[in-house]
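Here's the structure, in structure tokens; my notes come after.
In what follows, every chain begins at residue 1, and chains take the letters A, B, ... in the order their sequences are listed. Atom set for the values below is all heavy atoms of this structure, side chains included, hydrogens, waters and symmetry mates excluded.
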2 protein chains.
Amino acid sequence: MVAGLVRSAFLVDAVYADSAREYGLTQQQGQLLCVLMPQPYGMSELGATLGLAKSSLTGLVDRSERNGLVQRKPDPHDSRAVRVALTRRGAKLADEFYTETCRRIEELTAEFAPEERAALAALLARVVADNKVPSVFMEPDLPR
Amino acid sequence: MVAGLVRSAFLVDAVYADSAREYGLTQQQGQLLCVLMPQPYGMSELGATLGLAKSSLTGLVDRSERNGLVQRKPDPHDSRAVRVALTRRGAKLADEFYTETCRRIEELTAEFAPEERAALAALLARVVADNKVPSVFMEPDLPR
DNA sequence: GTAACAAATTCGCAGGACGAACTACTGCTT
DNA sequence: AAGCAGTAGTTCGTCCTGCGAATTTGTTAC
């Protein structure tokens, strides 16, 4: 079981990284875009969600901002804070990247029967729930 | 299902990285040690197994060698090639790290019933098999 | 024996991650 | 109201990762 979890994680990672690369993103930038899809976040929140130190985030957001994918906006209620949001271009790219990545991940279970896929989904959902994984890759309300 | 796979991969990654860190390793160095546990490899084989470019590997092995964890030995049959093997210290550390990491990964399904755990293991094994994942984290013949 | 190929390394570059130190602001407490 | 503890983010320095292109050395096939 351990080996299965580790190796499938490895696999998913590779797929994710490949997909990101084809959209001109790194894995981390892709992750950032996906997290920001539903709504903007503050830097600290982002750090908690992505499991990164504050200082690591500054750089990641800097680079993504430089590439015109995200934008820092002042927080209206706290002048120290900042809200990081997708730009229009960032939103478009996030959407495309997200869709394509989902497609590829789905392909990993191409040979599965529908009920197997469902069983796997249910078990993984429990793992995720039991361990309070932050929403790094939201359930979309938007199959397309 | 996609979200489950991605998020559990994220989770496993975080656990892996944490565990590595506590042993003074990076995730990649930990991965390298685990791959080398059963036997030595050549650089190219390692690259294929870990999904890294040759040039990335040189550095990783350099750093691990500098830390006294692995060792380059000449390949008896091909004087261009090199066999990368664990040092004694590397083997000991690999063993400890591997054991502890397994323990932590297992804990992720702490609340599972035995048959659920088995079901998950079987499904993940299929994902791994269907997609030809290299042996980055071998089934141990050695539960201890 | 030479031409094609293969195994590694080197180099330069950019991204990623961290901790420690710092700035600027908030919000308490008294 | 003044002062102070705590919080949000950034900066800095350091090391690790990862890649491609170019290079060196050795192998093998012809």
Spacing of B:D18 atom CG relative to C:dC18 atom C1', expressed in whole Å: 13 Å

Rounded distance (Å) that lies between atom P of C:dG19 and atom CG of A:L57: 13 Å

Under 4.0 angstrom between A:Q28 side-chain N/O and C:dA17 OP1 or OP2: yes

So which nucleotide from [options] ends up closest to the side chain of [X]?
| X | options | result |
| --- | --- | --- |
| B:K54 | D:dG20, C:dC25, C:dT9 | C:dT9 |
| A:M43 | D:dG9, C:dC18, C:dA8 | D:dG9 |
| B:S55 | D:dC19, C:dT9, C:dC25 | D:dC19 |
| B:R63 | D:dC16, D:dC19, C:dA17 | D:dC16 |
| A:L52 | C:dA8, C:dC18, C:dG15 | C:dC18 |
| A:D78 | D:dG9, D:dA8, C:dC18 | D:dA8 |
| A:R80 | C:dA7, C:dA24, D:dC19 | C:dA24 |

Please output the side-chain donor-acceptor pairs of residues 109-119 of chain B that fall under 3.5 Å, not counting sequence neighbours, one pair per line with the distance.
| from | atom 1 | to | atom 2 | distance (Å) |
| --- | --- | --- | --- | --- |
| B:T109 | OG1 | B:E106 | O | 3.0 |
| B:T109 | OG1 | B:R117 | NE | 3.2 |
| B:E116 | OE1 | A:R126 | NH1 | 2.9 |
| B:E116 | OE1 | B:A113 | N | 2.8 |
| B:E116 | OE2 | A:R126 | NH1 | 2.8 |
| B:R117 | NE | B:T109 | O | 3.4 |
| B:R117 | NH2 | B:T109 | O | 2.9 |
| B:R117 | NH2 | B:F112 | O | 2.8 |

CA sep, side-chain torsions, deciding dist, call: B:Y41, B:V84, side chain to side chain contact (heavy atoms under 4.5 Å, CB included): CA-CA 5 Å; B:Y41 281 85; B:V84 181; 5.6 Å; no

Axis-to-axis angle between the two ends of the helix from C:dG1-D:dC30 to C:dT30-D:dA1 (five base pairs per end, rounded to 10 degrees): 20°

Pair B:R83-B:Q39, side chain to side chain contact (heavy atoms under 4.5 Å, CB included): steps then yes or no: CA-CA 10 Å; B:R83 320 268 346 149; B:Q39 92 230 223; 5.8 Å; no

A:R103 with A:E100: basic N within carboxylate O range, under 4.0 Å: yes

